[in-house]
Amino acid sequence: MAGLIIIMIGLIFSTIDIPVYTIATYPKYTILHNVDGMGEVIQEYVAVNMMGSELKLDVFSDLFAYLLIFIGVCMLLKYNIKFVKVFIPLFATAFLYVFMKGLPFWYEGKQLIVYGLAVSAALVAAEILMEYFLVYTIAQTTSDLPNQRDTVLMKFGWIGSVLCRGFLYFIVLVGLERWIINIYIVVQIGFMAFCLHRMFRCRQYLKKQEK
């Protein structure tokens, strides 16, 4: 049961992003002109809207979130060995997160834009896959008949969060107004909060799986 609570805290940390401290300033990106297959608009989308000009520290650290999820999953393996499927996308997510933050220091020009697009898309995919294995394995492990309604609603909340995250990826990339982005962030947090509320209700059925 404690493992489930730790995972929930990890998911809260990974969902809420509040950057407050600037650790370092990225090297200034210069828009490239007349480069085949690399328009000026897409350069601005990636370099300015997605990566920004600074490396910032979040109040709710994503790396700490991944560590909590790792600890929680290790604790839940005794209930269902299928939780081991979470590890590969979890490690990939942590690696891609760090790699994405360091890209502007290591690459420039066309390489930075190409790697920025590729790594950011891979990061979103890896995080979604990690959460998919996590949420659906919890649902499977707590699938006692009286709890089936909560497992279905937990999946519904997570799917809503994923859809919002997909929209967020594109609207941040194209640099829409901040208030539009904030609306999607709030809705995504709401869906994840609903998912976690139903996940918490599943805790007593997870305990029944223990021998």
Side-chain angles (χ1 to χ4, degrees), residues 3-19 49-50 56 58-73 76 80 82-83 85-97 100-101 117 119-143 147-203 205-206:
L4 186 62
I5 303 300
I6 292 174
I7 286 173
M8 290 175 60
I9 296 173
L11 289 173
I12 291 172
F13 271 59
S14 66
T15 301
I16 302 176
D17 293 319
I18 306 177
N49 300 336
M50 181 174 289
K56 294 185 177 180
D58 288 343
V59 173
F60 299 96
S61 169
D62 282 9
L63 289 179
F64 184 58
Y66 303 145
L67 177 61
L68 289 175
I69 293 172
F70 173 78
I71 294 171
V73 169
L76 293 186
N80 191 337
K82 290 183 179 181
F83 278 108
K85 295 186 296 184
V86 176
F87 287 135
I88 292 179
L90 175 59
F91 294 151
T93 300
F95 170 77
L96 290 169
Y97 176 82
M100 183 71 184
K101 293 293 185 180
L117 281 172
V119 174
S120 62
L123 174 58
V124 172
E127 187 172 39
I128 289 174
L129 185 62
M130 178 266 292
E131 291 181 3
Y132 169 80
F133 285 145
L134 190 59
V135 170
Y136 276 73
T137 305
I138 290 173
Q140 182 185 47
T141 309
T142 60
S143 60
N147 192 50
Q148 287 185 356
R149 180 173 180 270
D150 282 329
T151 58
V152 170
L153 291 175
M154 177 177 64
K155 294 176 186 177
F156 169 79
W158 176 76
I159 291 171
S161 175
V162 168
L163 292 176
C164 288
R165 201 173 319 169
F167 281 115
L168 274 170
Y169 176 82
F170 289 107
I171 65 178
V172 168
L173 178 62
V174 300
L176 292 186
E177 294 291 337
R178 188 65 208 181
W179 66 269
I180 300 177
I181 296 174
N182 288 338
I183 289 175
Y184 276 100
I185 290 175
V186 170
V187 174
Q188 183 208 351
I189 292 174
F191 273 117
M192 181 57 76
F194 180 79
C195 170
L196 294 178
H197 174 260
R198 294 296 163 166
M199 187 181 293
F200 183 73
R201 289 168 62 97
C202 294
R203 68 195 186 284
Y205 296 95
L206 178 66

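Quick note: numbers below take in every heavy atom, side chains included, and nothing from hydrogens, waters or symmetry partners. Throughout, residue positions are numbered sequentially from 1 according to the sequence presented.
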* Asked: Which residues pass the side-chain contact (heavy atoms from CB on, under 4.5 Å) test with V186, sequence neighbours left out?
  -> none
* Does some side-chain heavy atom of T137 sit less than 4.5 Å from a side-chain heavy atom of L134? -> no
* Asked: About how many Å separate CD1 of I185 and CG of L168, when rounded to the nearest 0.5 Å?
  -> 5.5 Å
* **Nearest-0.5 Å distance, CE of residue M100 to CG of residue D62** => 12.5 Å
* To do: May I have all residue pairs that pass side-chain hydrogen bond (donor to acceptor under 3.5 Å, both in side chains) and include part of residues 181-195, sequence neighbours excluded?
  => R178-N182
* Structure fact -> Applied to residues 155-172, the side-chain hydrogen bond (donor to acceptor under 3.5 Å, both in side chains) test, sequence neighbours excluded, yields S120-Y169, E131-W158, E131-R165, S161-R165
* Structure fact -> The residue among I138, T151, L153 that forms side-chain contact (heavy atoms from CB on, under 4.5 Å) with M199 is I138
* Structure fact -> Rounded to the nearest 0.5 Å, the OG1 atom of T141 sits from the CG atom of L76 at a distance of 8.0 Å
Side-chain polar contacts of residues 5-15 - donor-acceptor pairs under 3.5 angstrom, sequence neighbours left out - could you list them?
{"from": "S14", "atom 1": "OG", "to": "G10", "atom 2": "O", "distance (Å)": "3.4"}
{"from": "S14", "atom 1": "OG", "to": "L11", "atom 2": "O", "distance (Å)": "3.0"}
{"from": "T15", "atom 1": "OG1", "to": "L11", "atom 2": "O", "distance (Å)": "2.6"}

* Structure fact -> Smallest heavy-atom separation, V135 atom then C195 atom, equals CG2-SG, 4.5 Å
* Tell me, yes or no, whether the heavy-atom count around Y132 atom OH, taken from other residues, nucleotides or ligands under 6.0 Å, exceeds 12. => no
* If you take all heavy atoms of A94 and L63, which pair is closest and at what distance? -> O-CD2, 4.2 Å
* To do: Not counting sequence neighbours, which residues clear side-chain contact (heavy atoms from CB on, under 4.5 Å) with L123? List them please.
  => T93, L96, Y97
* Heavy-atom check, side chain of L163 versus side chain of F191, under 4.5 Å -> no
* To do: State, yes or no, whether a side-chain contact exists between E127 and Y66 at a heavy-atom distance under 4.5 Å.
  => yes
* To do: For R149, check salt bridge (charged side-chain N to carboxylate O under 4.0 Å, His left out) against everything at least two apart and list the hits.
  => none
* Asked: If you look only at pairs with a residue in residues 6-19, which of them pass as a salt bridge (Lys or Arg N to Asp or Glu O under 4.0 Å), with sequence neighbours excluded?
  -> none
* Asked: Taking only residues two or more places apart in sequence or in another chain, which ones pass salt bridge (charged side-chain N to carboxylate O under 4.0 Å, His left out) with D150?
  -> R198, R201
* Asked: Roughly how far, to the nearest 0.5 Å, is OG of S61 from CG of L68?
  -> 9.0 Å
* Who are the side-chain contact (heavy atoms from CB on, under 4.5 Å) partners of F87, not counting sequence neighbours? -> F70, V73, C74, L77, V84, F91
* **Taking every non-hydrogen atom, the tightest pair across A92 and A126** => CB-CB, 4.3 Å
* Asked: Considering residues, nucleotides and ligands other than I88, do more than 12 of their heavy atoms fall under 6.0 Å from its CD1?
  -> no
* To do: Sequence neighbours left out, what passes ring pair (Phe, Tyr, Trp, His ring centres under 6.0 Å) with F200? Give chain and number order.
  => none
* Identify the heavy atoms of G157 and F194 that sit nearest to each other, and give their distance. => CA-CD2, 3.9 Å
* Structure fact -> Note: S143 and Q148 closest approach over all heavy atoms is O-NE2, 3.7 Å
